[in-house]
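Working notes, beginning with the structure itself.
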Amino acid sequence: MAKKDSACLLEYFFGSNVLIFLAFFLVCLLSYANSFQNQFMLDDNWVLFGPHGMLNRSFLGIFQHNQGGSFYRPIGHVPLWVFSRLFGSNFTAYHAANFFLFVCTIFFLFVIVRKITSDAPLSFFSAVLYAIHPLNGMIVNYITASVIAVFVLSMQASFWCFMRFSEHGRKRDYMLCFVFFIFACLSHEMAVMLPVYLAAYLFFIKKESWGNGVRFLSPFVLFFLVWTAIRSQDHIFHNRVSGPFQAIGNITAYFSTWMDLVTWYVSNLFFPNKVLFLWSSQYGTEHLLRNLIFFVLVIGMGLYALLKWKRSWQSFFLVIFVAGLLPTVFSCFLDFPGIWPIIEPHWFYFSESGFFVLLAWFLLTMARKNSFIGGALGVGVILLFFIHCWDYNAKWKSQEIYSRYWLSLNKGNWTPYDALAKSLMDKGDRQGMLKCFVGLAELHYNLPLTYK
């Protein structure tokens with residue numbers, strides 16, 4: 001009788017989107033309750049209050065000029081433009097708005113996974129793991145990261161509309177899918193991978209022919225080509241893309257450095273003890289043998305998994321996760337060698353859903369085989385993510401705290417030196433400020449030596 005009552009409660013819960021949304025709201029609130037008092041930092045002040053910031057731009061101006069000097073993300077900046085007029089300098093209000101956007105991304109992740117897997121508990125658990133992982137908390141902690149939330153929501157909306165189109169064949173859904181794809185491209189550059197994800201959906205989930213895939217996705221590819229051609233007219237584009245072509249001259253160093261960056265990101269998915277929103281690596285072949293062995297092993301395991309799972313949702317989510325990493329072959333080396341090669345976890349906020357779905361599936365499978373061992377493992381993972389999430393939130397309390405934390409882990413980027421120097425200058429700590437500039441000078445002095 002008790003089992004039947006529990007089953008009824010679960011059925012009632014998963015049958016109510018309102019209850020599910022409220023549950024995600026509570027999960028996120030528990031995970032990010034210590035984020036709402038985090039102050040403005042890094043790009044926040046410049047993007048919001050600078051001479052060309054949101055408060056000093058018209059709505060039309062967002063679409064007429066680059067943001068941050070290097071990026072053209074007007075759709076992503078629309079909410080920030082609105083927030084700046086509503087909240088002014090109230091950082092708590094910005095965090096609250098970002099928090100709501102983050103909860104929405106978690107809810108829509110659940111909706112998409114449930115549609116693909118037809119497994120509500122798995123979908124819910126996947127979304128919870130995604131929500132409490134500290135790599136994903138930047139949207140809440142970093143005020144100007146609302147741009148990233150808009151990017152993820154646009155990707156999710158486009159993907160959802162495409163699933164509806166593939167199911168019902170309505171042209172309206174296809175057009176909406178295309179519109180949201182454009183919104184995503186105007187929010188973040190990683191949106192260009194969406195056609196790849198849609199192709200994977202057609203192949204693994206809908207089991208469509210290649211001909212239908214080309215027919216459905218050719219407008220997306222055409223838009224990408226036109227968009228790239230337009231952006232390439234900007235001189236900033238040429239400056240940013242010069243790095244990969246310089247770095248690839250030494251293919252072994254290029255590969256090894258790329259693997260260093262990807263390994264850092266993937267390792268923090270499993271054990272998030274060195275989380276940063278930007279990680280850099282010195283260009284070179286120091287870990288070449290290790291990286292080569294690891295690469296071969298991972299490729300081998302991936303191919304084995306695909307052969308075993310065939311055209312299934314497990315294969316789909318594995319491909320989504322791996323495909324999301326492919327742009328890093330190019331993006332890790334932007335501006336190289338003006339800055340050490342970098343990787344940023346928010347590049348994968350859409351594609352990494354594949355990792356969390358497969359992790360949830362593994363944990364639930366273990367729990368169904370042995371409730372004690374599987375349950376203990378699941379609880380352990382949740383506690384691990386949650387504890388690191390709270391700890392990481394605390395690092396965002398002020399620019400000085402985060403900069404010192406950043407420099408304690410990774411010194412290959414000028415940003416934490418500059419940010420810490422400004423914080424110390426505001427405190428009147430002249431000696432500390434000068435030490436930051438010495439560190440920054442040493443970094444730039446050594447930069448040419450990293451590329452031979």
Side-chain angles (χ1 to χ4, degrees), residues 24 27 105-136 152 155-156 159 163 193-194 196-207 262-272 275 294-295 297-326 328 345-370 373-386 388-389:
F24 287 138
V27 167
T105 66
I106 303 304
F107 174 75
F108 288 120
L109 171 61
F110 163 80
V111 170
I112 290 171
V113 176
R114 181 174 59 178
K115 180 71 173 177
I116 293 173
T117 64
S118 301
D119 189 334
L122 168 67
S123 307
F124 185 81
F125 191 30
S126 303
V128 167
L129 292 176
Y130 184 104
I132 65 177
H133 198 289
L135 276 177
N136 303 323
V152 177
M155 293 280 282
Q156 291 175 326
F159 194 88
M163 288 196 299
M193 288 300 294
L194 183 62
V196 177
Y197 306 146
L198 298 180
Y201 176 76
L202 289 174
F203 181 79
F204 289 104
I205 305 301
K206 303 304 292 184
K207 299 177 175 58
V262 172
T263 301
W264 169 82
Y265 165 67
V266 174
S267 66
N268 273 275
L269 283 173
F270 287 98
F271 192 79
V275 174
F294 182 65
F295 180 78
L297 287 175
V298 170
I299 292 297
M301 290 188 294
L303 290 175
Y304 173 78
L306 289 176
L307 289 172
K308 182 179 180 180
W309 292 334
K310 302 185 186 306
R311 295 171 81 168
S312 63
W313 63 258
Q314 290 95 335
S315 294
F316 166 74
F317 282 112
L318 176 60
V319 168
I320 288 294
F321 174 62
V322 174
L325 296 172
L326 294 180
T328 59
H346 65 262
W347 293 347
F348 319 107
Y349 276 7
F350 181 84
S351 61
E352 72 180 13
S353 60
F355 169 83
F356 290 102
V357 172
L358 292 176
L359 177 61
W361 173 66
F362 170 76
L363 293 173
L364 287 176
T365 301
M366 291 290 293
R368 287 160 183 164
K369 289 183 177 179
N370 186 307
I373 295 177
L377 188 60
V379 171
V381 170
I382 290 174
L383 287 176
L384 175 70
F385 289 178
F386 182 81
H388 280 290
C389 183

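As the structure is a computational prediction, the values presented were derived from the model and not from experiment. Computed over heavy atoms, backbone and side chain alike; hydrogens, waters and symmetry mates excluded.
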Can you confirm whether [X] sits close enough to [Y] that some side-chain heavy atom of one is under 4.5 Å from a side-chain heavy atom of the other?
X	Y	value
Ser312	Phe317	no
Val128	Phe110	no
Phe124	Phe24	yes
Glu352	Tyr265	yes
Leu194	Met155	yes

When rounded to the nearest 0.5 angstrom, what distance separates [atom1] in [X] from [atom2] in [Y]?
X	Y	atom1	atom2	value
Leu383	Cys389	CG	SG	12.5 Å
Leu384	Ile382	CG	CD1	11.0 Å
Ser123	Ile112	OG	CD1	10.5 Å
Leu297	Met301	CG	CE	6.0 Å
Met193	Ile320	CE	CD1	8.5 Å
Ile116	Lys206	CD1	NZ	10.5 Å

For the backbone of [Y] and the side chain of [X], can you confirm whether one donor and one acceptor N or O come within less than 3.5 Å of each other?
X	Y	answer
Ser315	Lys310	yes
His133	Phe386	no
Lys207	Arg311	yes

Minimum heavy-atom separation for [X] and [Y], please, with both atom names.
X	Y	result
Asp119	Leu122	OD1-N, 3.1 Å
Pro134	Pro272	CG-CB, 3.5 Å
Ala323	Tyr197	CB-CE2, 4.1 Å
Leu358	Gln314	CD2-O, 3.9 Å
Thr105	Gln156	O-NE2, 3.0 Å
Asn268	Val275	OD1-N, 3.4 Å

Verify side chain to side chain contact (heavy atoms under 4.5 Å, CB included) between Leu109 and Ser126, making sure each step is shown before the conclusion. CA-CA 8 Å; Leu109 171 61; Ser126 303; 5.6 Å; no
Please name all residues satisfying ring-ring contact (aromatic ring centres under 6.0 Å, His included) with Tyr201, sequence neighbours left out, ordered by chain then number. Phe159
Can you name the ring-ring contact (aromatic ring centres under 6.0 Å, His included) partners of Phe355, sequence neighbours left out? Phe270, Phe321
Report the C-alpha distance between Phe203 and Phe316 in whole Å, list the side-chain angles of each, state the deciding distance to 0.1 Å, and finish with yes or no for ring-ring contact (aromatic ring centres under 6.0 Å, His included). CA-CA 8 Å; Phe203 181 79; Phe316 166 74; over 10 Å; no
Mind running ring-ring contact (aromatic ring centres under 6.0 Å, His included) on Phe356 and Tyr130 for me, showing each step along the way? CA-CA 6 Å; Phe356 290 102; Tyr130 184 104; 5.4 Å; yes
Does Trp313 form a side chain to side chain contact (heavy atoms under 4.5 Å, CB included) with Val113? I'd like the steps, not just the answer. CA-CA 9 Å; Trp313 63 258; Val113 176; over 6 Å; no
So, using side-chain contact (heavy atoms from CB on, under 4.5 Å) as the criterion, who are the partners of Val381 when residues are at least two apart? Leu129, Leu359, Leu363, Phe385
Tell me whether the rings of His346 and Tyr349 are parallel (<30°), tilted (30 to 60°) or perpendicular (>60°). perpendicular
